[in-house]
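Here the structure is a predicted model, which is why all the values come from computation and not from measurement. Order of the sequence lines sets the chain letters (A, B, ...), proteins ahead of strands, with each chain counted from 1.
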Amino acid sequence: MTSRAIAVSLALASVLGFSAELAAQPRLTLSPNEAVPRELTLENEHLLVRVQIGRYVYLTSLLDKVRGVQFVDPEQPPPLVKVGNQWHLLQVGFNVWQVTELVDGADRGAEIRLFSNSLENPYHLVIRLWMSGAPELRLHLSLEHRADEERHDMPYVSRRTATVGLSLLRHLRPPGASDPSVIFKKGLTHFHRDTEGVGMYFLRQADGPGFPQVVSWPGIGGGVLLHREASDLDWSFDSAEDALSFMRPAPLDPGETFLIFEGVLRPFGGDWRAAFSWWRDRLRSELDLSHYQRPGHAEYRKKVVGHFTMAFDHEFYDPVENRYRLQDLLARGEREFGGYDSLLFWHGYPRLGVDPRDEWAMYQGLPGGLEGLRALVTEANRQGVWVFLSFNPWDVIGHRDDLGAAQAEVMARTGANGTYLDIMSGATERLRQTFDRVDPGIVFSSENRPSFAGLALSTGSQEDHEYVTEMPRLDLLRFVLPEHNISNTERMGRNRTNQIRNTIFNLVGFTVWEDIFGEINRYSWDERVLITRYNRLVHDHMDAFLTLEPRPLLPTRPLGRSQGSSPHKSAWSPNPETHDHPYPPPSDDRPSGLCVNAFPTSGKTLYSLYHHGHDNVDRFHDNRARGRLFRVEVPADWRVVNVWDGLPAEIIEWEGERWVSVRSELPDPSAVFVAMPRQITIREEAGSWRATVPGPGEGTLRLAGMDTERRPLYGESVPASGGLRIGPGDVPANVDGYVMVQYLREGDVTDVAVVRTSR
Amino acid sequence: MWQWSGRVASWTAAVALGPLGLIAGEPRPPAPPAGMVYVPGGEVKLETFNRWREGLLGQWYVTEEVVSIEAFFVDETEVTNARFKEFMDSTGYRPRLDDNFLRHWKGDTFPRGQADYPVVWVDLEDARAYAGWAGRQIPTEWQWQVAAQGTDGRLFPWGDDYDVPRANVQSSGPRPVGSYPEGRSPYGCLDMVGNVWEWTDSKEDDGRHWFSYLRGGSWFQPVRSAWYTEGGLLTNNQRLKLWWLSPGLNRSETIGFRCVRKVEK
């Protein structure tokens with residue numbers, strides 16, 4: 001129900017009382033009587049909510065009927081919202097209330113208006129709460145400054161700042177529950193998950209709907225979320241305590257209304273992941289995803305590693321012969337980065353403005369003009385590489401009436417696959433329509449993240465993060481809208497290792513960008529190796545990369561918690577009273593921890609892991625990543641392999657649950673595991689090994705390994721029907737002790753077995 | 001010294017440390033060839049105004065260098081279409097990669113009435129070919145700056161006043177050379193700012209690109225976006241780092257040149 005719908009409902013407010021409601025429909029009850037109600041009960045088949053009405057409105061029941069969990073301690077019912085005056089002598093409170101029923105179809109609710117008969121309090125606090133058949137209570141809380149000249153002849157007819165407290169979540173206390181874990185918004189772009197001792201950061205849309213505030217209790221297997229759809233309050237917090245206590249100023253002039261909160265209070269079963277799933281489904285239901293269904297987008301999703309291609313970079317352009325060096329560029333990309341799936345062709349800035357040629361006129365001056373570019377696109381496409389052309393909407397020196405039409409014409413004449421929207425965080429409908437007249441298959445890639453609404457039209461985006469320090473950064477968009485092509489890059493940073501590791505952790509794309517408009521910012525050899533390894537791994541497991549059901553942050557085993565003591569531990573252990581950590585945590589000093597995402601697809605699940613603290617081993621409490629690592633939900637007889645390092649792993653049972661475990665410490669802060677049904681059988685035969693698969697042996701087998709510099713190496717594929725013999729001479733001398741045997745069917749790896757060779 | 005915003009250059013952009021002006025009692029300077037003026041030699045401290053990246057929203061920095069310059073002659077004006085045609089007729093010059101070479105000419109000659117206009121649609125190699133034929137050279141950046149600025153560090157060839165009417169800037173196209181006598185430099189050069197950008201002898205290679213520095217600005221001023229190359233009335237010490245693209249883009253309707261010649265001792 002929207003605010004507008006509420007207004008309509010108010011107009012239609014009916015006489016109280018109703019009888020033969022369907023079980024699924026909510027019921028509203030007022031007691032002791034309708035004339036002077038002191039208690040209000042809203043109930044449907046999932047939820048029973050009761051509030052007590054007096055000088056404030058107190059929540060006396062939030063009962064999850066399905067799970068039988070009462071979240072409110074009746075001895076200490078929390079106020080739904082509190083409002084204080086700025087000056088303590090004016091804290092006269094509210095002593096009058098009016099209750100009006102709200103009806104909207106089958107939905108039921110009430111508006112409770114609190115006000116004072118003392119002139120000192122000019123506020124009206126308006127609480128609307130209602131219910132549909134869903135297991136949630138909808139809330140709309142607002143504050144009105146009702147002072148006027150007739151009633152207030154003293155200083156009250158002026159802008160005043162009330163203090164609003166919304167600490168409902170803090171006071172929920174289900175019986176038998178331990179201290180809750182809390183998720184809240186921190187800063188502009190982060191959420192903080194205050195649990196397991198690991199600070200967890202979530203990227204979010206700058207202007208999109210925020211992740212709910214969540215409290216959950218491990219002891220009861222459930223929690224409550226507070227999802228804000230609109231609010232005039234500052235909804236950013238410094239700490240969990242700040243988030244739970246939540247006192248904020250609410251300045252408003254006479255006659256103004258201040259929206260405290262509009263949204264949902266919803267109990268859920270499970271941990272915070274249940275809240276995440278609800279939120280994800282809710283966001284997706286509000287998006288038009290039709291552009292993600294277009295034929296061109298399916299291929300776009302497979303473009304993982306791109307290259308920002310400056311047209312005048314001599315690695316791409318031969319100035320002596322005046323020709324593109326596409327093959328040289330792609331070969332270098334293959335050698336040093338594992339290959340490019342796409343090129344972002346850039347030719348205008350910073351040359352634009354020397355003369356009256358705009359970016360579209362400049363195409364005529366490039367080698368072969370537009371025909372030359374078309375030949376480039378054709379050849380790149382033939383090799384599976386997409387080409388994006390840049391679109392600079394600020395380039396107006398050509399005095400064109402329609403820049404989008406100019407770009408669309410170039411797209412048509414060159415056959416380029418997509419347009420990169422420079423300085424645009426999203427496309428407009430008009431631009432999309434212009435391109436549709438040329439080719440509906442052309443995709444958009446926006447510069448940085450589109451707004452939430454903009455995700456509908458811009459099905460991909462390049463994310464330029466500068467100087468990534470907090471690790472890891474979970475990218476929520478990857479898990480809310482996996483169809484969206486995210487490509488990370490970091491143009492200015494001299495060390496992009498963290499960004500690359502975030503890319504691995506979130507399993508998203510990466511754009512290699514070394515030529516920053518003429519300024520070279522080279523990737524180190526180590527960074528090249530990281531990207532190459534990741535690139536090859538993703539293409540081996542493209543089916544998992546494309547999953548539409550990625551799951552963030554699996555349960556992991558806390559590291560370094562239980563042994564001895566150390567300065568680190570005392571500094572960063574939870575405060576027993578608040579179960580809180582000092583904030584903001586210096587990123588290098590946060591407790592060690594494992595973060596793992598899952599990317600399940602049919603017959604396979606890929607797990608990306610980041611080990612925060614890998615580089616700072618603490619001898620006082622072991623924070624090495626070894627032994628039991630993270631919980632999984634795959635069959636116990638599946639094989640699991642650390643394909644990032646080509647090392648074996650295993651699935652073990654622990655307290656009735658399955659966990660991925662490794663015997664040796666993970667050698668790297670990043671890891672990628674894959675779990676798949678066992679198909680490959682390895683037998684040792686007189687100093688060599690033989691890999692076979694059951695049945696007729698469709699598909700192919702091949703060796704995969706890494707050289708001593710961790711560059712991936714592949715053997716030749718052989719038909720699986722004949723098996724694969726691995727003799728000592730079949731493994732290159734520069735490959736270390738382990739090799740993987742991959743079983744590929746239709747281009748995807750369907751099983752991997754690790755063999756320890758004799759070296 | 002880095003300067004992150006605005007035009008904060010010192011108003012003293014060139015300071016003569018050794019004799020650059022004429023000193024009483026010195027022998028008379030050599031007579032310049034026709035169409036050239038004399039610039040005495042000496043040691044000079046030059047400040048140069050750089051954009052960190054062209055079009056990068058006012059992010060400037062200033063570099064300072066003490067340079068020793070031998071006396072030289074410099075063209076009073078930019079090389080004209082007529083002079084370039086003489087070169088063409090005499091040598092039959094044709095660049096190996098001729099994209100947009102003399103794009104504005106019709107056949108083998110310039111448009112009617114544009115004999116005195118600066119030649120444009122020529123790249124640095126074309127300019128060097130002309131200079132070689134004429135027994136001259138393309139000026140270094142420092143030669144260009146001293147020719148425009150003299151020894152007193154003035155901002156513009158005529159002084160420190162921001163006086164747009166003294167140069168062909170913010171207009172609709174090039175004008176015949178010498179159309180702005182009020183814009184004369186201390187040594188007598190014309191159109192040092194405005195009319196067309198001028199190549200300097202500065203082709204550089206950073207391993208991934210070639211680039212040159214242009215001086216003087218042109219008649220064209222891009223407007224309505226901060227990402228464009230700087231236009232309008234530029235100061236004597238402003239340089240444009242021009243990334244070489246393809247020959248078709250290296251040649252432009254806003255870029256011409258003038259020449260210098262050594263003074264024989």
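The structure places NE2 of B:His209 at 4.0 Å from CD1 of A:Ile520, a figure rounded to the nearest 0.5 Å. Going from atom CG of A:Asp313 over to atom CG of B:Leu245 covers 11.5 Å, rounded to the nearest 0.5 Å.
Minimum interatomic distance between B:Thr229 and A:Pro350 (heavy atoms only, all atoms of both residues): OG1-O, 3.7 Å. Nearest approach of A:Pro356 to B:Thr254, heavy atoms of both residues: CD-CG2, 4.1 Å.
No donor-acceptor distance shorter than 3.5 angstrom exists from the side chain of B:Ser246 to the backbone of A:Asn322, with no hydrogens or angles considered. Panel note: side chain B:Ser225, backbone A:Asp395; no donor-acceptor pair is recorded below 3.5 Å. Of the possible donor and acceptor atoms, none in the side chain of A:Arg351 sits under 3.5 Å from a partner among the backbone N and O of B:Tyr228. Under a 3.5 Å cut-off, the side chain of B:Arg208 and the backbone N or O of A:Asp515 do not form any donor-acceptor pair.
Within the 4.5 angstrom heavy-atom criterion, only side-chain atoms of A:Tyr317, from C-beta onward, approach chain B. Proximity to chain A (any heavy atom under 4.5 Å) is restricted, for B:Leu97, to the side chain, taken from C-beta onward. Only the side chain of A:Arg357 has a heavy atom closer than 4.5 Å to any heavy atom of chain B. For chain A, the nearby part of B:Arg251 is the backbone; its heavy atoms alone come within less than 4.5 Å.
Note: A:Tyr349 and B:Trp227 have perpendicular aromatic rings, judged against thresholds of 30 and 60 degrees for the angle between ring planes.
You'll find the side chain of A:Val354 stays beyond 4.5 Å of the side chain of B:Glu253, heavy atoms only.
Per-residue heavy-atom pair counts under 4.5 Å with chain B were compared for A:Ile516, A:Asn392, A:Ile423, and the maximum is reached by A:Ile516.
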Intermediate values then yes/no, ring-ring contact (aromatic ring centres under 6.0 Å, His included), B:Trp210 and A:Phe312: CA-CA 9 Å; B:Trp210 291 341; A:Phe312 46 96; over 10 Å; no

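The 12-atom threshold is exceeded at CZ of B:Arg166, counting heavy atoms of other residues, nucleotides or ligands nearer than 6.0 Å.
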